[in-house]
Amino acid sequence: MSRIRLYIDEDAMDGDFVRGLRSRGIDVVTAFDAGMVCQSDESHLRAAIEQDRTLYSFNIRDFHQIHSMWLAKGWTHAGVILSQQKRYSTGEQIRRMLRLIGSVSAESMTNREEFLGGW
């Protein structure tokens with residue numbers, strides 16, 4: 001079982017959050033790293049798929065719809081993790097993300113939607 005690797009979209013790519021995850025050994029790519037700033041939500045998901053990464057975003061409504069649409073069409077993605085913006089401190093986001101990554105394999109995230117609040 002392999003570990004989840006993250007793609008963080010523009011909404012969620014806070015520098016302290018990204019540095020905190022990286023300092024704990026989490027493989028993270030941001031939209032900025034990938035040259036994907038100012039791209040559509042679906043483009044972000046496609047970029048994550050191309051890199052076999054699970055997408056993390058605060059854009060719950062749009063990514064929930066995209067996730068549902070992709071499942072209905074039989075398309076595959078490497079998972080989506082969603083959280084409400086400004087709901088958790090940076091430290092709390094890191095703790096919850098580490099719990100999720102420590103509990104769920106990359107393979108089991110395939111076509112899965114998780115909410116950070118559950119972790």
Side-chain angles (χ1 to χ4, degrees):
M1 294 191 324
S2 55
R3 192 177 204 189
I4 293 172
R5 299 170 14 173
L6 292 174
Y7 175 97
I8 301 178
D9 80 347
E10 287 175 78
D11 292 337
M13 63 179 193
D14 173 74
D16 290 337
F17 176 64
V18 172
R19 280 188 296 280
L21 290 173
R22 287 179 175 159
S23 73
R24 290 162 177 83
I26 305 303
D27 186 339
V28 176
V29 168
T30 66
F32 181 80
D33 298 331
M36 293 293 296
V37 175
C38 296
Q39 299 297 313
S40 70
D41 292 333
E42 200 158 342
S43 293
H44 285 292
L45 185 58
R46 288 184 193 282
I49 292 165
E50 289 171 6
Q51 298 177 40
D52 198 28
R53 293 179 180 275
T54 298
L55 183 137
Y56 177 60
S57 180
F58 294 143
N59 192 345
I60 294 172
R61 183 178 52 90
D62 290 345
F63 278 109
H64 175 71
Q65 289 176 345
I66 292 168
H67 163 75
S68 299
M69 178 189 72
W70 278 53
L71 290 182
K73 291 183 177 188
W75 297 349
T76 300
H77 61 75
V80 176
I81 301 169
L82 301 170
S83 181
Q84 291 179 333
Q85 192 168 17
K86 298 181 182 179
R87 170 101 188 241
Y88 304 109
S89 68
T90 300
E92 185 64 21
Q93 280 184 79
I94 292 169
R95 283 188 289 279
R96 288 173 181 270
M97 187 64 76
L98 291 173
R99 265 184 248 140
L100 193 160
I101 291 173
S103 301
V104 179
S105 70
E107 294 81 9
S108 66
M109 273 304 295
T110 300
N111 289 335
R112 186 167 167 175
E113 178 182 65
E114 283 289 336
F115 293 90
L116 201 61
W119 295 91

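Just so you know, these numbers use all the heavy atoms, side chains as well, and skip hydrogens, waters and symmetry mates. The residues of the chain are indexed from 1 along the displayed sequence.
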Chemist: Once you round to the nearest 0.5 Å, how far does CD of Gln39 lie from CG of Asp9?
Modeler: 12.0 Å
Chemist: How many angstroms lie between atom CE of Met109 and atom CZ of Arg5, to the nearest 0.5 angstrom?
Modeler: 14.0 Å
Chemist: With a 4.5 Å cut-off on side-chain heavy-atom distances among I, L, V, M, F, W and Y, is there a chain of contacts connecting Met36 to Ile49?
Modeler: yes
Chemist: Return the CD to OG distance between Gln85 and Ser57, rounded to the nearest 0.5 Å.
Modeler: 8.5 Å
Chemist: Which residue pairs pass the ring-ring contact (aromatic ring centres under 6.0 Å, His included) test when at least one of the two sits in residues 79-119, sequence neighbours left out?
Modeler: none
Chemist: Provide the closest heavy-atom pair for Thr30 versus Met13 in the form atom of the first, atom of the second, distance.
Modeler: CB-SD, 3.8 Å
Chemist: Nearest 0.5 angstrom please: Ile66 CD1 to Ser40 OG, how far?
Modeler: 7.0 Å
Chemist: Output the distance between atom CG (Asp27) and atom OG (Ser2), rounded to the nearest 0.5 Å.
Modeler: 11.0 Å
Chemist: Any donor-acceptor pair under 3.5 Å linking the side chain of Thr54 with the backbone of Ala78?
Modeler: yes
Chemist: Can you list the steps and then say if Arg46 with Glu50 is a salt bridge (charged side-chain N to carboxylate O under 4.0 Å, His left out)?
Modeler: CA-CA 6 Å; Arg46 288 184 193 282; Glu50 289 171 6; over 6 Å; no
Chemist: Do Gln93 and Met97 make a side-chain contact, defined as non-hydrogen atoms from C-beta onward lying under 4.5 Å apart?
Modeler: no
Chemist: What do you reckon, is CG of Asp16 surrounded by more than 12 foreign heavy atoms closer than 6.0 Å?
Modeler: yes
Chemist: Hydrophobic clusters here meaning ILVMFWY residues chained together by side-chain heavy-atom distances under 4.5 Å, can you tell me if Leu116 and Ile94 are in one?
Modeler: yes
Chemist: When clusters are formed by joining ILVMFWY residues with side-chain heavy atoms under 4.5 Å apart, either directly or through shared neighbours, do Leu100 and Val18 land in the same one?
Modeler: yes
Chemist: Closest heavy-atom contact between Trp70 and Glu42?
Modeler: NE1-OE2, 3.3 Å
Chemist: Treat each ILVMFWY residue as a node, draw an edge where side-chain heavy atoms are under 4.5 Å apart, and state whether Leu82 and Leu71 are in one component.
Modeler: no
Chemist: Taking side chain as C-beta onward, heavy atoms only, is His77 less than 4.5 Å from Thr110?
Modeler: no
Chemist: Under 4.5 Å between side-chain heavy atoms, hopping through other hydrophobics if needed: is there a path connecting Met69 to Leu55?
Modeler: yes
Chemist: Any side-chain heavy atom of Arg3 sitting closer than 4.5 Å to one from Ile26?
Modeler: yes
Chemist: Going from CG on Asp14 to CZ on Arg19, what distance comes out if it is rounded to the nearest 0.5 angstrom?
Modeler: 7.5 Å
Chemist: Taking all non-hydrogen atoms of both residues, which atom of Leu98 and which atom of Arg24 are closest, and how far apart?
Modeler: CD1-CD, 3.3 Å
Chemist: Which class fits the ring pair Phe58 and Tyr56: parallel under 30°, tilted 30 to 60°, perpendicular over 60°?
Modeler: perpendicular
Chemist: Quick check against the 3.5 Å criterion: does Ser103 have a side-chain atom that pairs as donor or acceptor with the backbone of Arg99?
Modeler: yes
Chemist: Do Trp75 and Leu45 have side chains that get closer than 4.5 Å, going by heavy atoms?
Modeler: no
Chemist: Report the residue from Gln51, His44, Arg53 that forms a side-chain hydrogen bond (donor to acceptor under 3.5 Å, both in side chains) with Tyr7.
Modeler: His44
Chemist: Do Asn59 and Asp41 meet the criterion of a side-chain donor-acceptor pair at a distance under 3.5 Å?
Modeler: yes
Chemist: Please report the closest heavy-atom contact between Gly117 and Arg96, naming both atoms and the distance.
Modeler: O-NH1, 3.0 Å
Chemist: Check whether any side-chain heavy atom of Leu6 lies under 4.5 Å from a side-chain heavy atom of Ile101, and answer yes or no.
Modeler: yes
